[in-house]
Visitor: 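The following block contains the structure, expressed as structure tokens.
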Amino acid sequence: MESFYSQTAQCHVRWHDFPGEGTPIVFIHGLGCASSYDYPRVASDPTLVEHRTILVDLPGSGYSEKPDEYDYSTTSQARVVIELLRHLQLPSCWLYGHSMGGSIAIEVVSNAPELICGLMVSEPNFHSGGGEFSLAIASNSLPEFEQNVWPGFLKDVSTPWAGCLLSHTPMGIWRSAKSLIEGVNPSWYQRFQAIAKPKLLIFGEHSLPDNDFTTLAAQGICTAVIPNAAHSIAWQNPPALAAAIHHFIK
């Protein structure tokens with residue numbers, strides 16, 4: 001595992017760098033997740049195993065540090081990713097982001113397009129207001145969430161997500177959720193539409209129908225549907241996700 005010190009987050013950020021050929025693929029995870037936890041099975045799939053893949057744990061997640069003074073907003077996280085890409089001195093990369101990570105990836109491409117050759121997002125937050133999980137978190141005050149809600153989350157989750165949540169602090173989760181509810185201006189949806197790079201929108205079969213997916217597909221944006229999967233695509237059907245990524249970058 002690799003590490004560098006982020007001036008944006010004032011902490012050490014860590015990532016897996018799996019060697020391979022071609023333009024690297026950089027993975028950004030969603031809320032309450034970590035790329036080191038979500039994407040090894042995707043990166044090691046036969047369709048991607050020969051490709052260089054970089055699995056980033058954002059500040060507050062996985063093996064990266066969890067600073068108290070950091071705001072954990074999508075905009076700050078995007079700045080950290082840009083810092084990392086420049087630290088790695090990559091001439092270019094493919095960028096993949098899931099859920100909140102998709103929103104962060106959109107901001108990365110919007111702010112530093114010269115670093116990215118193409119963008120892939122799976123079920124990103126396109127609009128302010130948050131999703132079911134972020135709303136359930138940020139509807140509480142931070143003290144209430146830390147003391148009363150967070151212990152229940154850890155106790156009740158029985159999916160693979162349970163192990164990943166243990167690597168987070170409730171403060172980081174709460175601040176990230178608050179950022180998703182507040183959104184950005186222009187919206188992630190507007191920024192995604194404006195990106196001139198090759199881009200792919202991925203949804204799990206069981207997350208459809210979805211109005212944004214339908215509208216963007218009608219506009220000619222490349223889309224992929226992962227069978228036998230809902231929102232947690234990387235856990236529910238990693239071979240199909242790897243195949244969709246491989247087909248797009250090919």
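When reading the values below, keep in mind they use all heavy atoms of this one structure, side chains included, and skip hydrogens, waters and symmetry mates.
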Visitor: Could you tell me whether Glu132 atom CD has more than 12 heavy atoms of other residues or ligands within 6.0 Å of it?
Guide: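 12 or below, so no.
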
Visitor: Using a 4.5 Å cut-off between side-chain heavy atoms of Ile, Leu, Val, Met, Phe, Trp and Tyr, which other residues end up in the same hydrophobic cluster as Ile181?
Guide: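 Traced through the cluster, Ile181 reaches Leu135.
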
Visitor: Would you say that more than 12 heavy atoms from the other residues, nucleotides or ligands in this model lie under 6.0 Å from the NE2 of His206, or not?
Guide: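 Yes, NE2 of His206 has more than 12 neighbouring heavy atoms, counting only those of other groups under 6.0 Å.
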
Visitor: Name all residues meeting the side chain to side chain contact (heavy atoms under 4.5 Å, CB included) criterion together with Cys117; count only those two or more places apart in sequence or in a different chain, and write none if there are none.
Guide: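 Expected list: Thr23, Ser92, Trp94.
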
Visitor: Within this structure, what is the CD1-CH2 distance for the pair Ile137 and Trp174, rounded to the nearest 0.5 Å?
Guide: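 Atom-to-atom, Ile137:CD1 and Trp174:CH2 are 11.0 Å apart.
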
Visitor: Looking at Lys178, I'd like to know if its NZ atom is crowded, meaning that more than 12 non-hydrogen atoms belonging to other residues, nucleotides or ligands lie closer than 6.0 Å.
Guide: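 No - once you tally the heavy atoms of other residues, nucleotides and ligands closer than 6.0 Å, there are 12 at most.
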
Visitor: Between Trp150 and Asn140, is any pair of side-chain heavy atoms under 4.5 Å apart?
Guide: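 No, every pair of side-chain atoms sits at 4.5 Å or beyond.
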
Visitor: Hydrophobic side-chain clustering at under 4.5 Å (ILVMFWY, transitive links): who's grouped with Tyr63? Put none if nobody.
Guide: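 Direct or chained contacts put Tyr63 with Met1.
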
Visitor: Do His16 and Tyr39 touch side chain to side chain, with heavy atoms closer than 4.5 Å?
Guide: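 They are not in side-chain contact.
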
Visitor: Are a donor atom and an acceptor atom from the side chains of Glu123 and Ser99 found within less than 3.5 Å of each other?
Guide: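 No, because no side-chain N or O of Glu123 sits under 3.5 Å from a partner of the opposite role on Ser99.
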
Visitor: Side-chain donor-acceptor pair under 3.5 Å between Ser207 and His231, yes or no?
Guide: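 Ser207 vs His231: no donor-acceptor pair found between side chains.
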
Visitor: Going from CZ on Arg14 to OG on Ser61, what distance comes out if it is rounded to the nearest 0.5 angstrom?
Guide: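 Here the rounded value is 13.0 Å.
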
Visitor: How about Glu114: does its CD atom have over 12 heavy atoms from other parts shown lying under 6.0 Å from it?
Guide: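 Result for CD/Glu114: enclosed.
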
Visitor: Can you tell which of Gln10, Arg175, Gln77 makes a side-chain hydrogen bond (donor to acceptor under 3.5 Å, both in side chains) with Tyr70?
Guide: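 Going through the options one by one, the only one that passes is Gln77.
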
Visitor: Hey, what do you get for OG1 (Thr75) to CG (Asn111), rounding to the nearest 0.5 Å?
Guide: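 Rounded to the nearest 0.5 Å, the OG1-CG separation comes to 7.5 Å.
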
Visitor: Rounded to the nearest 0.5 Å, what's the gap from OG on Ser6 to CD on Glu65? Could you check?
Guide: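 The distance works out to 10.5 Å.
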
Visitor: Taking the six-membered ring for Trp, are His168 and His29 parallel (under 30°), tilted (30 to 60°) or perpendicular (over 60°)?
Guide: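 His168 and His29: perpendicular rings.
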
